[in-house]
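Only a predicted model underlies this, so the values are computations on that prediction, with no experimental measurement involved.
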Amino acid sequence: MHTRLVKRRSALGFSLAGLASWLGSWGLARAQGAPIRIGSTLALTGPLSATAQIHKIVGEIYVEQVNKRGGWLGRPLEWVLKDDQSKPDLARTLYEQLVTADKVDLLLGPYATGAILSAMGVAQRYGKVLVHHTLGIPSLAKYDMQFPAWSLGSEPASTVPNTVFEALAAGPKPPKTVAVVTSKFPSIQFMSAGAREVLKKRGLNEVLFLEWDFGNRDFGPIANRIKDAKPDFVWVGAIGLDGNLLLDAMKKIEYQPPQHFYLYPAPGPLVSLPEAKNALSVTIFEEQPPFSNAPGAAEFITLYRERATAAKLPDPSVEVQAGASYTAWQILAAGVAAAKSLDDKAIAAWLKANRVDTIQGKLRFDGPGNYGDDLMRVKQVQNGRWAVVWPKEFTAGGTKLLSN
């Protein structure tokens with residue numbers, strides 16, 4: 001009886017092992033064991049929620065993809081997500097909870113610079129790796145176990161504005177006068193200050209500079225000041241819905257800027273606004289070649305379009321925010337796979353020493369503050385869609401920069 005039972009168990013074990021091997025060959029092996037818990041926050045409510053919703057959809061897609069393919073280290077992923085309400089102080093408290101009370105295995109950064117810095121402080125206190133996707137001031141990233149998916153290089157206040165003004169100089173109407181208007185949100189203010197220096201070095205004339213407090217909703221006075229200044233080009237240090245609110249205010253006074261740029265807008269709401277015709281912004285990934293040719297990009301684009309459409313987002317296409325968010329998950333996955341463990345120090349050591357394949361391309365983390373190359377490109381709203389217009393080798397079908 002005992003011998004017969006052992007034989008049955010052995011036969012069953014063999015058949016299950018064979019089935020698992022067969023499923024694995026088709027990418028269908030089920031992850032087993034206790035889940036690997038990834039903890040993070042997002043601004044699901046508050047001024048930054050329009051953009052953070054994109055990151056939430058991306059994270060859900062990535063976790064589902066990984067679990068269908070056997071998880072990490074043969075274990076399923078579980079995403080423990082909390083709402084930081086667009087408040088950096090709350091993000092700090094929530095990341096403390098994730099580490100101490102929820103006892104997550106790994107951390108992933110939140111959306112926006114302030115919250116990321118809060119999360120970084122917690123990660124440093126507990127010796128945790130922090131991969132993040134949208135930190136806009138690299139010099140503030142002092143922790144040696146943080147890794148950025150926002151590929152804007154170590155000196156973006158110089159390199160990013162230079163890329164924008166290079167695109168304008170090669171366009172149909174190179175500007176001579178510039179208005180710089182910006183949010184005081186830290187990363188936005190930092191980048192706009194850099195733009196002011198760059199335009200002066202390029203011999204352009206700044207005809208207006210003004211700032212507003214983060215969360216401002218009254219853009220009427222700002223629109224009037226811009227109209228009175230009569231600039232050839234308007235640099236808008238926008239985050240979230242700032243661009244939409246400013247364009248609405250401009251419409252009310254029947255003003256349309258000749259050329260206009262928005263730094264980190266909520267991409268869907270801006271691109272769907274008629275007044276945003278020919279608006280410029282920056283990007284590291286768009287739903288077009290050559291970006292869409294990256295391994296895994298096509299599948300991600302299909303899945304994201306389905307989810308974003310179901311969520312009724314204004315624009316269901318994959319663009320810079322979705323691309324950066326997906327990249328962050330890829331970076332963390334590469335570190336775990338290479339370290340063959342959840343040991344934060346081992347993951348960090350490997351990421352510092354190796355390039356990581358992502359939908360942005362191969363990323364490195366061996367520069368100042370663990371930053372690599374500036375991969376920011378310039379895109380423009382054309383025919384109700386974002387299209388990359390600079391540099392030329394990243395355009396699709398010979399797309400060129402247009403002016404109003």
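Counting non-hydrogen atoms of neighbouring residues, nucleotides and ligands closer than 6.0 angstrom, the NZ atom of Lys82 exceeds 12 such neighbours. Under a cut-off of 6.0 angstrom, the local environment of NZ in Lys392 is sparse, with at most 12 non-hydrogen atoms contributed by other residues, nucleotides or ligands. Dense packing is recorded around NZ of Lys200, with more than 12 heavy atoms of other residues, nucleotides or ligands lying under 6.0 Å away.
Of the possible donor and acceptor atoms, one in the side chain of Ser281 sits under 3.5 Å from a partner among the backbone N and O of Leu263. Within the 3.5 Å criterion, the main-chain N or O of Gly136 finds a donor-acceptor partner in the side chain of Thr113. Checked by atom type and distance alone, the side chain of Tyr95 pairs as donor or acceptor with a backbone atom of Thr41 at under 3.5 Å. One N or O on the side chain of Asn404 and one on the backbone of Pro257 form a donor-acceptor pair closer than 3.5 Å. Under a 3.5 Å cut-off, the side chain of Asp105 and the backbone N or O of Arg37 do form a donor-acceptor pair. Under a 3.5 Å cut-off, the side chain of Lys340 and the backbone N or O of Ala337 do not form any donor-acceptor pair. The closest donor-acceptor contact from the side chain of Ser192 to the backbone of Gln189 lies at 3.5 Å or more, if one exists at all. Here the side chain of Asp102 pairs no donor or acceptor atom with the backbone of Val104 at under 3.5 angstrom. Remark: side-chain polar atoms of Asp213 are not paired, donor with acceptor, to backbone N or O of Gly215 under 3.5 angstrom. Side chain of Asn67 to main chain of Leu77: a donor-acceptor pair is present (N/O by atom type, distance under 3.5 Å, no hydrogens or angles).
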Do Tyr62 and Trp79 pass the ring pair (Phe, Tyr, Trp, His ring centres under 6.0 Å) test, and can you show the C-alpha distance, the side-chain angles, and the key distance before you say yes or no?
-> CA-CA 10 Å; Tyr62 188 85; Trp79 189 21; 10.0 Å; no
Applying side-chain contact (heavy atoms from CB on, under 4.5 Å), run through Trp150 and Met376 and close with a yes or a no.
-> CA-CA 9 Å; Trp150 198 240; Met376 286 288 166; 3.7 Å; yes
Check the pair Tyr143 / Asn370 against side-chain contact (heavy atoms from CB on, under 4.5 Å), numbers first and verdict last.
-> CA-CA 9 Å; Tyr143 179 42; Asn370 290 352; over 6 Å; no
Where do Leu140 and Leu135 land on the side-chain contact (heavy atoms from CB on, under 4.5 Å) test, with the steps shown first?
-> CA-CA 9 Å; Leu140 297 180; Leu135 181 69; 5.5 Å; no
Criterion side-chain contact (heavy atoms from CB on, under 4.5 Å) on Asp242 and Ile188, from CA distance to verdict = CA-CA 11 Å; Asp242 289 349; Ile188 305 299; over 6 Å; no
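Remark: Tyr371 pairs with no residue by the ring-ring contact (aromatic ring centres under 6.0 Å, His included) rule, at least two apart or across chains.
Side-chain contact between Lys173 and Asp232: absent, with no pair of heavy atoms (C-beta onward) separated by less than 4.5 Å. Considering only heavy atoms from C-beta on, Leu108 stays 4.5 Å or farther from Leu106 through its side chain. The shortest distance between side-chain heavy atoms of Val58 and Val318 does not fall below 4.5 Å. Ile54 is listed as a side-chain neighbour of Tyr304, based on a closest heavy-atom distance under 4.5 Å.
With rounding to the nearest 0.5 angstrom, the CG atom of Asn354 is 9.5 Å from the NZ atom of Lys362. With rounding to the nearest 0.5 angstrom, the CG atom of Leu246 is 4.5 Å from the CD1 atom of Ile226. Between atom CG of residue Leu245 and atom CG of residue Asn216 there is a gap of 8.0 Å, rounded to the nearest 0.5 Å. The distance from atom CG of Asp84 to atom CG of Leu44, rounded to the nearest 0.5 Å, is 7.5 Å. Taken to the nearest 0.5 Å, the CE atom of Met120 stands 11.5 Å off from the CG atom of Leu107. Separation of atoms OG1 (Thr395) and CD (Gln380) is listed at 12.5 Å; rounding is to 0.5 Å.
Taking 4.0 Å as the cut-off between side-chain N and carboxylate O, Glu299 and Arg69 count as a salt-bridged pair. Looking at Arg202 and Glu166, a side-chain N of the basic residue comes within less than 4.0 Å of a carboxylate O on the acidic one, giving a salt bridge. A salt bridge links Glu286 with Lys379: at least one charged nitrogen is closer than 4.0 Å to a carboxylate oxygen. Salt bridge present: Asp89 and Arg92 bring a charged side-chain N and a carboxylate O closer than 4.0 Å.
Of the residues His132, His55, His133, the one that meets the ring-ring contact (aromatic ring centres under 6.0 Å, His included) test with Tyr111 is His55.
Annotation: ring-ring contact (aromatic ring centres under 6.0 Å, His included) contacts involving residues 190-209, sequence neighbours excluded, are absent.
No side-chain donor from either of Tyr264 and Gln321 sits under 3.5 Å from a side-chain acceptor of the other. Between the side chains of Ser151 and Gln360, a donor-acceptor pair is found at a separation under 3.5 Å.
Ring centroids of Trp329 and Phe300 are separated by 6.0 Å or more, keeping the two rings apart.
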